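For clarity, every value in this text was computed on a predicted model and none was experimentally measured. Both counts, for ligands and for their atoms, begin at 1 and track the order of listing.
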Amino acid sequence: KHKAFPEHFLWGGSTSAYQVEGAWNEGGKGPSVQDVKQLPEGTSDFKVAADHYHHYQEDVALMAEMGFKSYRFSIAWTRIVPDGDGAINEEGIQFYQNLIDELLKHQIEPVVTVYHFDLPAALEEKGGWDNRETIDAFVRYCDILFDRFGDKVKYWQTINEQNMMILSGAAIGTGSDSMQKTYQQNHHMLVAQAKAMKHCHDKLAEAKIGPAPNISITYPKTNKPEDIQAAQCFNALRNWLYLDMAVYGRYNHQAWAILEANDALPTFEPGDEEVLKAGKADFIAFNYYTSGTVEAYPVGEATTDEKTADQQKGQGIPGFFRQVPHGDLEKTEFGWEIDPIGLRITANEIYSRYALPLMITENGLGGRDTFTEDGKVHDDYRIHYLREHIEQMQLAISDGVELFGYHPWSAIDLISTHEGFRKRYGFIYVNRSDFDLKDLSRIRKDSFYWYKDVIASNGEN
Ligand code: BGP
């Protein structure tokens, strides 16, 4: 017999500021790297997005109708400090005060991500995460959030998917031309995160804070020892580097060895070691969409060009691992492998390593939803995907994992970073396309009604 979901389980949904809000230059907001970057061809910019900035009351009412217990969203750094490290924008503060009050009015717990891929463009111009001053700007920004919202927000996450920013940086606003520089940026983000966690604890006795990386288990392609060893390496570099740091304040030994072998070790400044040790996560939030698979990548198989390209994209490192398709898993129409059991394995693996409570901050299926003539959106494929993942969550809980929240991506349709508005994830359909804003009206998808029942029955659906 399976264990039931805990009584106060946080059933919710997830978004990020630049993907959902729009109003990109309203209310005193400054530009972020997302507003100024080169867009993939045929893809909308982020200027209007789902226009949540102007529709937040309606959107929160719809979340409440679904029965949301919590809502995981991000605050746009450039609404709070438009140029990253200068004056505070009170209008931006007010927007989030209003949003948080609206959530609390409906008994929805706010779960706040401090930084979700939207570094202020002004900081990027000064070197972004290459520049150690960005650490101070980040910590100051966090202090402002803790001071202004700390009386109402209990759950905080520092940086969304830092590991994905590092492994596929160029696409989301950071990036660099060498592996050493990339991992130096990574180091600066880790130091910034540790300081923020420490400040949070010093300022707010009741608050809980943690990282929000994308964690998914990596399988070996075969049961050959060399493939199993390759999987261990990739897990270390992709997953454990980030969590070992957030929990133990030290670099994972195997990840460190991979960096060392590739002349990519970060430089420590005096004091970094103590700072990293002092910042401790209270819980682990993680995003899970799919698992990964790797095989051994013998040195000598790659040309220098391939080697550099692989390393830049995080695809493979000769002598360690190379990512390959799984082969037996079904895929979404956008080619993402679907692996619900991988979620159970991942949750158990994280819990065994760190024994901290876990919260899922993203999980979901991107599809080309269509609005049918009967005025509905029949997204049975999404229901199927989510149901299977919820079943595996319940199995993980039965295994003994302390899982306390689930926030599918996304609460409402929003812009996919790489695919624009044609790839949708929400329970709520937003009536627009990439280049036609239509009326931006909100339509409840079939998954909306289904998820409402899931929440009402505390996951017994
Ligand atoms: C995660 C990000 C989200 C979101 C999601 C879906 O990596 O944290 O911001 O974009 O992936 O990805 P995509 O929109 O590329 O399908």
Task: Value rounded to 0.5 Å, distance of CE in Met179 from CD1 in Ile166 - done: 10.5 Å

Any side-chain donor paired with an acceptor under 3.5 Å for [X] and [Y]?
X	Y	value
Asn214	Tyr242	no
Asn287	Thr361	yes
Glu337	Ser291	no
Gln97	Asp101	no

Task: Identified ring pair (Phe, Tyr, Trp, His ring centres under 6.0 Å) counterpart of Trp11 within the set Phe5, Tyr71, Phe68 - done: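 The ring pair (Phe, Tyr, Trp, His ring centres under 6.0 Å) with Trp11 is passed solely by Phe5 among Phe5, Tyr71, Phe68.
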
Distances under 3.5 Å, N/O of ligand 1 against N/O of the protein: list each pair and its distance.
from, atom 1, to, atom 2, distance (Å)
ligand 1, 7 (O), Glu161, OE1, 2.5
ligand 1, 7 (O), Glu161, OE2, 3.0
ligand 1, 8 (O), His116, NE2, 3.4
ligand 1, 8 (O), Asn160, ND2, 2.9
ligand 1, 8 (O), Glu362, OE1, 3.2
ligand 1, 8 (O), Glu362, OE2, 2.9
ligand 1, 9 (O), Gln19, OE1, 2.8
ligand 1, 9 (O), His116, NE2, 2.8
ligand 1, 10 (O), Gln19, NE2, 3.1
ligand 1, 14 (O), Ser416, OG, 2.8
ligand 1, 16 (O), Lys423, NZ, 2.5
ligand 1, 16 (O), Tyr425, OH, 2.5

